[in-house]
Amino acid sequence: FNMNQILIIDLTKKYKEKTIIKNKSLTIDGDNYNFLIGPNGTGKTTFIKCLLGEIKYEGKIEKNNLTIAYAPENLVMPDYVTMYDFLKLLYLNKVQSNECIDSKIIYYLELFSIKDYKDMLICKLSKGTKQKIVLIQALFCNCDIYIFDEPFDGLDEKTRKIFVSQLIKIKKRKKIIIISTHYIKEYHIRLKRIFHFPLL
């Protein structure tokens, strides 16, 4: 068993009588960008929740205690907290290090061109800016696995390119990257491994 991989054995997930994933055995590693492709409702987010251990399933998922950074499709955010304070709270909850919190957060706010909004309440932010927050709170973690659920949603072309450049940096550190997306053609990166859903 390779330390830098996720080993999935006979994974099955059912909701009542409906089978979403059936007896699937897969290996996901850091050698490729791992894309989850398929129409809505075919089990991509369910598969991610299994990886995260958020829902019960049959079979085995071996992650060897690898840490996970996750950018969900919809992140619940408090309306009456500033963007900066929210990111700082998430950073403190996720990152155990002596790094300067302020400089780390400011780096990403500048990277995604939203530093000017750092003291604005989240309820006042646009959908695109909120999506940038979702990405930042995953990117600033130094984890073994990075999972992104529809990360392009609400982003303009420039921001999508910035995000992809960050993925390339993560990949160079031999991390496992998993992306659920409808926009596979817009990822101009090599070494793609594609998992087609439903996994039946």
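We number each residue from 1, following the sequence as shown.
With contacts defined as side-chain heavy-atom distances shorter than 4.5 Å, the pair L51/I147 qualifies. Residues I6 and I176 meet the side-chain proximity criterion, which asks for heavy atoms closer than 4.5 Å. Put simply, the side chain of I48 reaches to within 4.5 Å of the side chain of S180, judged on heavy atoms. For the pair L36 and I178, the minimum side-chain heavy-atom distance is below 4.5 Å. Counting heavy atoms from C-beta outward, L135 and L155 have side chains that approach closer than 4.5 Å. Put simply, the side chain of K60 does not reach to within 4.5 Å of the side chain of L7, judged on heavy atoms. In this structure the side chain of I21 never reaches within 4.5 angstrom of the side chain of P198, judged on heavy atoms.
In this structure a side-chain-to-backbone donor-acceptor pair under 3.5 Å is missing from K13 to T46. Between the side chain of N34 and the backbone N or O of D29, at least one donor-acceptor pair lies under 3.5 Å. Put simply, the side chain of K192 gets close to the backbone of I189: a donor and an acceptor are under 3.5 Å apart. The backbone N or O of E150 sits nowhere less than 3.5 Å from a side-chain atom of T181 that would complete a donor-acceptor pair. When atom types are taken as modelled, the side chain of T67 and the backbone of D144 share a donor-acceptor pair closer than 3.5 angstrom. A side-chain donor-acceptor contact under 3.5 Å links T12 to the backbone of N23.
Pairs passing the salt bridge (Lys or Arg N to Asp or Glu O under 4.0 Å) check and including a residue from residues 47-57, sequence neighbours excluded, do not occur. The list of side-chain hydrogen bond (donor to acceptor under 3.5 Å, both in side chains) pairs with a residue in residues 112-123, not counting sequence neighbours, reads E110-K115. Listed by first then second residue, pairs satisfying ring pair (Phe, Tyr, Trp, His ring centres under 6.0 Å) with a partner in residues 59-90 number zero, not counting sequence neighbours. Screening residues 161-182 for salt bridge (Lys or Arg N to Asp or Glu O under 4.0 Å), with sequence neighbours left out, gives E157-K161. Residue pairs satisfying the ring pair (Phe, Tyr, Trp, His ring centres under 6.0 Å) criterion with at least one member in residues 158-179, sequence neighbours excluded, are listed as follows: F148-F163. Residue pairs meeting the salt bridge (Lys or Arg N to Asp or Glu O under 4.0 Å) criterion with at least one partner in residues 80-93, sequence neighbours excluded, are K88-D102. A ring pair (Phe, Tyr, Trp, His ring centres under 6.0 Å) check over residues 9-56, counting only residues at least two apart or in different chains, returns the pairs F35-Y187, F47-F197. The side-chain hydrogen bond (donor to acceptor under 3.5 Å, both in side chains) contacts involving residues 129-140 comprise K94-Q137, S126-T129, where partners must be two or more places apart or lie in separate chains.
Between the CD1 atom in I145 and the CD atom in Q5 there is a gap of 10.5 Å [rounded to 0.5 Å].
A salt bridge does not link D31 to R193: none of the charged side-chain nitrogens sits closer than 4.0 Å to a carboxylate oxygen.
In this view, H188 satisfies the side-chain contact (heavy atoms from CB on, under 4.5 Å) rule with no residue, not counting sequence neighbours. The salt bridge (charged side-chain N to carboxylate O under 4.0 Å, His left out) test applied to R160 returns E186, not counting sequence neighbours. Looking at residues two or more places apart in sequence or on another chain, you find no salt bridge (charged side-chain N to carboxylate O under 4.0 Å, His left out) involving K18. In this structure K14 satisfies the side-chain hydrogen bond (donor to acceptor under 3.5 Å, both in side chains) test with no other residue, sequence neighbours excluded.
Using modelled atom types and a 3.5 Å distance limit, the side chains of N40 and H182 yield a donor-acceptor pair.
Other residues, nucleotides and ligands place more than 12 heavy atoms under 6.0 Å from the CG atom of D156.
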